[in-house]
Visitor: 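Sharing a structure with you now.
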Amino acid sequence: MPDYPATALANGIVAGRVTLRCLALPDGALSGCEIIEETPAGQGFAASVITAAARARLSPRTVDGAATGARVQFTTRFAAPVVVEPAPSPQPRRGRP
């Protein structure tokens, strides 16, 4: 999974989407990836998806029992991570019980 881009977080962007087209090699690696669409542009979503694609492995397509390459296209949707603030620690009681 791609990481949520720090640029988008810093700019208050809460969602994004990238469509990517690659060649899936017989060993499952992705090659020759190109961005088809990035929304919103310039917030780091495309770079995050390209980085994740370099680590990704797919199950290769088989033809007559042999792994072959194939063109693949997919869309990745991003949602900003939710940060939960810890509850404040209770203060010790003062005075008589």
Visitor: By salt bridge (charged side-chain N to carboxylate O under 4.0 Å, His left out), which residues pair with R17, not counting sequence neighbours?
Guide: E37
Visitor: Tell me, which pairs form a ring-ring contact (aromatic ring centres under 6.0 Å, His included) where one or both residues lie in residues 47-76, sequence neighbours left out?
Guide: none
Visitor: Where is the tightest heavy-atom contact between A46 and V18, given as atom of each residue plus distance?
Guide: N-CG2, 3.8 Å
Visitor: Would you find a donor on one side and an acceptor on the other, under 3.5 Å apart, between the side chain of D3 and the backbone of P5?
Guide: no
Visitor: Suppose we screen for side chain to side chain donor-acceptor pair (under 3.5 Å). Which residues come up paired with T75, at least two apart in sequence or across chains?
Guide: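 Per chain and number, T75 pairs via side chain to side chain donor-acceptor pair (under 3.5 Å) with T19.
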Visitor: The criterion is side-chain contact (heavy atoms from CB on, under 4.5 Å); which residues satisfy it with A67, sequence neighbours excluded?
Guide: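 side-chain contact (heavy atoms from CB on, under 4.5 Å) check on A67 returns P26, P60.
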Visitor: Report the residues that fulfil side chain to side chain donor-acceptor pair (under 3.5 Å) with S31, sequence neighbours left out, ordered by chain and then residue number.
Guide: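 Not a single residue meets the side chain to side chain donor-acceptor pair (under 3.5 Å) criterion with S31.
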Visitor: Kindly indicate whether the side chain of T68, heavy atoms from C-beta on, has any atom under 4.5 Å from the side chain of T62.
Guide: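 Side chain of T68 against side chain of T62, heavy atoms only: no contact under 4.5 Å found.
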Visitor: Is there a side-chain contact between L30 and V72, using heavy atoms and a 4.5 Å cut-off?
Guide: yes
Visitor: Quick one: list whatever passes side-chain contact (heavy atoms from CB on, under 4.5 Å) with A41, sequence neighbours left out.
Guide: E38
Visitor: Using the side chain to side chain donor-acceptor pair (under 3.5 Å) criterion, which residues pair with Q43? Sequence neighbours excluded.
Guide: N11
Visitor: Sequence neighbours left out, what pairs pass ring-ring contact (aromatic ring centres under 6.0 Å, His included) with at least one residue falling in residues 21-66?
Guide: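 For residues 21-66, and leaving out neighbouring residues, the ring-ring contact (aromatic ring centres under 6.0 Å, His included) pairs sorted by first residue read Y4-F45, F45-F78.
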Visitor: Can you check whether G44's main-chain N or O pairs, donor with acceptor, with S48's side chain at less than 3.5 Å?
Guide: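 It does not hold such a pair.
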Visitor: Could you note down all residue pairs passing ring-ring contact (aromatic ring centres under 6.0 Å, His included) where residues 49-72 supplies at least one of them, sequence neighbours left out?
Guide: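 Matches after skipping sequence neighbours: none remain.
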Visitor: State the CG-CG distance between D27 and L58, to the nearest 0.5 angstrom.
Guide: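 Those atoms lie 10.0 Å apart.
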Visitor: Kindly compute the distance separating OG1 (T76) from CE (M1), expressed to the nearest 0.5 Å.
Guide: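 Interatomic distance, T76 OG1 to M1 CE, rounded to 0.5 Å: 6.5 Å.
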Visitor: Side chains of I36 and L20, heavy atoms from C-beta outward: is any pair under 4.5 Å?
Guide: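 I36 does not reach L20 side chain to side chain.
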Visitor: Can you sort out the partners of E34 under side chain to side chain donor-acceptor pair (under 3.5 Å), two or more places apart, ordered by chain and number?
Guide: none
Visitor: Sequence neighbours left out, what pairs pass disulfide bond (SG atoms under 2.5 Å apart) with at least one residue falling in residues 8-65?
Guide: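 Listed by first then second residue: C22-C33.
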Visitor: Side-chain heavy atoms under 4.5 Å apart, restricted to Ile/Leu/Val/Met/Phe/Trp/Tyr: what other residues fall into the cluster of L23, or is it alone?
Guide: L25
